[in-house]
Amino acid sequence: MQKRFTGWFVVLVVFSTGLCWAAPSGQDAGPPSGAVLAPPPLAPDAAPAEAERPRSVLLLGDSLIATGFGDYLLARLEAHPTIRASRRARSSTGLARPDFFDWMAVGEEEVKRHQPDVVVVILGGNDGQSLLERDGKKPVHWGKPEWEDAYRQRIDSFASVLAAPGRKIVWLELPATGLKRFEQKLALIRGLQREVINSRPDARYVDTRSYFTDAKGKALLQARVEGFRKPMKLRMSDGVHFTIAGGRYFASKVYPEVLEALGLLQG
């Protein structure tokens with residue numbers, strides 16, 4: 001009898017000290033009756049505030065910004081401890097067709113949203129066509145004498161939409177492609193962009209020709225790229241868009257230009 005009593009006593013002790021009731025589904029289990037609650041743990045230090053990343057860069061452009069080049073440049077800027085970067089891109093767009101994609105409205109919206117210190121722009125590869133107006137007025141046809149003046153005005157209007165006191169615009173020259181017929185159009189577009197942007201005190205036109213041409217002025221097909229052991233092909237089969245290596249190569253060239261515009265030394 002004594003042994004049986006002792007056994008029941010042991011069982012009761014185990015249950016009274018070690019049993020924990022499950023809470024009903026969807027509820028947290030409460031503390032055992034009479035338990036002393038430990039103070040809640042201190043919250044970890046908050047992530048660095050945006051105020052600690054005071055410089056802001058906005059990337060705007062067509063498929064070149066939308067794909068590898070834009071990806072690498074955005075990532076590299078974001079990796080800088082004092083830079084906050086953002087991007088707005090749309091393939092197959094430019095300043096010629098606001099009925100398809102209105103860069104005037106989008107640009108204004110993006111600079112208001114992000115308040116950038118520097119805006120990086122690459123547009124124009126799709127602009128070798130008639131210029132349409134947002135209000136439905138008669139288009140200005142490609143090849144007509146008045147087209148050049150209309151396009152100059154459009155570039156300047158877009159730059160003015162992006163501008164603000166203290167803000168800088170870095171306008172990237174359309175890279176050389178080596179496609180003869182396409183280059184005939186791009187030569188005119190580049191020239192007008194260079195003329196307008198260089199006339200503005202708040203903007204800088206970045207000549208990219210040396211990045212993509214060899215010593216003889218021919219299109220550069222391959223180059224050494226950081227992260228690759230051997231020279232890599234820069235362009236895709238269309239001769240315009242970049243390979244993965246080409247996008248990284250272009251981004252590595254543009255990155256110092258952005259740092260310079262921000263007044264930062266490359267680390």
Side-chain angles (χ1 to χ4, degrees), residues 59-70 88-104 106-107 119-134 137-162 169-200 203-214 216-221 233-243 246-247 249-250 253-254:
L59 310 179
L60 299 177
D62 53 23
S63 57
L64 296 184
I65 288 288
T67 54
F69 161 64
R88 184 68 183 271
R90 180 70 179 271
S91 297
S92 303
T93 64
L95 300 178
R97 293 286 306 273
D99 60 316
F100 174 65
F101 190 81
D102 191 348
W103 270 111
M104 297 291 181
V106 170
V119 183
V120 179
V121 180
I122 185 164
L123 282 170
N126 301 297
D127 284 344
Q129 58 179 303
S130 297
L131 303 178
L132 274 66
E133 299 290 343
R134 288 186 289 179
K137 289 183 180 179
K138 185 178 179 180
V140 180
H141 295 292
W142 170 261
K144 297 294 184 180
E146 59 269 25
W147 190 93
E148 294 186 22
D149 285 338
Y151 193 64
R152 282 191 190 93
Q153 182 59 51
R154 195 157 294 194
I155 300 164
D156 190 57
S157 295
F158 183 56
S160 296
V161 162
L162 303 179
I169 299 169
V170 175
W171 194 290
L172 304 178
E173 181 181 58
L174 296 167
T177 66
L179 305 177
K180 291 184 178 180
R181 294 187 62 183
F182 190 40
E183 281 295 316
Q184 290 175 357
K185 286 188 173 185
L186 293 185
L188 175 59
I189 292 168
R190 289 189 194 105
L192 296 174
Q193 290 183 352
R194 181 186 296 107
E195 176 186 332
V196 173
I197 297 304
N198 283 341
S199 71
R200 297 182 61 96
R204 179 168 178 266
Y205 186 83
V206 177
D207 189 338
T208 66
R209 185 165 185 79
S210 62
Y211 306 160
F212 297 103
T213 55
D214 61 20
K216 296 181 180 180
K218 294 183 178 181
L220 192 65
L221 301 180
K233 183 179 178 181
L234 300 179
R235 301 296 183 122
M236 297 179 68
S237 58
D238 63 6
V240 176
H241 295 96
F242 296 115
T243 61
Y249 170 82
F250 192 21
K253 299 294 186 180
V254 173

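No experiment lies behind these values; they were computed from the predicted model shown.
The salt bridge (charged side-chain N to carboxylate O under 4.0 Å, His left out) analysis of residues 179-188, with sequence neighbours excluded, yields the pairs Glu183-Arg190.
What you find for Leu186 and Gly125 is that their closest heavy atoms are CD2-CA, 4.0 Å. Here the closest heavy-atom approach between residue Ala159 and residue Ile197 is recorded as CB-CD1, 4.5 Å. Nearest heavy-atom pair across Ile189 and Asp127 is CD1-C, 3.9 Å. Here the shortest heavy-atom pairing between Gly124 and Gln193 reads CA-NE2, 3.7 Å. Contact between Leu172 and Val120 at its shortest, heavy atoms only, is CD1-CG1, 3.9 Å. In terms of heavy-atom proximity, Ile122 sits nearest to Pro175 at CD1-CD, 3.9 Å.
Aromatic rings of Phe250 and Phe212 (six-membered ring for Trp) have centroids within the 6.0 Å cut-off, being under it.
In this structure Asp238 satisfies the side chain to side chain donor-acceptor pair (under 3.5 Å) test together with His241, sequence neighbours excluded. Annotation: side chain to side chain donor-acceptor pair (under 3.5 Å) contacts of Thr243 (sequence neighbours excluded): none. The salt bridge (Lys or Arg N to Asp or Glu O under 4.0 Å) check on Arg152 picks up Glu148, Asp149, Glu195, with sequence neighbours excluded. With sequence neighbours excluded, the residues that form a salt bridge (Lys or Arg N to Asp or Glu O under 4.0 Å) with Arg204 are Glu257. Among residues two or more places apart in sequence or in another chain, the side chain to side chain contact (heavy atoms under 4.5 Å, CB included) test is passed with Ser91 by Ser63, Ala66. In this structure, the side chain to side chain donor-acceptor pair (under 3.5 Å) partners of Ser130, at least two apart in sequence or on a different chain, are His141. With sequence neighbours excluded, the residues forming a side chain to side chain donor-acceptor pair (under 3.5 Å) with Ser160 are Arg200, listed by chain and number. For Trp171, there are no ring-ring contact (aromatic ring centres under 6.0 Å, His included) partners at least two apart in sequence or on another chain. Taking the side chain to side chain contact (heavy atoms under 4.5 Å, CB included) definition, one finds that Arg194 meets it with Glu173, Asn198, Tyr205, sequence neighbours left out. Annotation: side chain to side chain contact (heavy atoms under 4.5 Å, CB included) contacts of Ala150 (sequence neighbours excluded): Leu131, Val140. Every residue meeting the side chain to side chain contact (heavy atoms under 4.5 Å, CB included) condition with Gln129, not counting sequence neighbours, appears here in chain and number order: Ala96, Arg97.
Atom CG of Leu95 is separated from atom CG of Asp102 by 10.0 Å, given to the nearest 0.5 angstrom. Residue Leu174 holds its CG atom at 7.5 Å from OG1 of Thr208, rounded to the nearest 0.5 Å. Rounding to the nearest 0.5 angstrom, the gap separating the CZ atom in Phe69 from the NZ atom in Lys253 is 12.5 Å. Expressed to the nearest 0.5 Å, how far CD of Gln184 lies from CG of Leu179 amounts to 11.5 Å. Arg154 CZ to Glu133 CD: the interatomic distance, rounded to the nearest 0.5 Å, is 4.5 Å.
The closest donor-acceptor contact from the side chain of Asp214 to the backbone of Leu220 lies at 3.5 Å or more, if one exists at all.
Counting heavy atoms from C-beta on, the side chains of Tyr211 and Val206 come closer than 4.5 Å. Considering only heavy atoms from C-beta on, Leu60 comes within 4.5 Å of Leu162 through its side chain. You'll find the side chain of Phe242 stays beyond 4.5 Å of the side chain of Met236, heavy atoms only. Side-chain atoms of Leu192 and Leu188, non-hydrogen and from C-beta on, do get closer than 4.5 Å to each other.
Relative ring orientation between Trp103 and Phe101 is described as perpendicular, the plane-to-plane angle rising above 60° on a 0-90° scale split at 30° and 60°.
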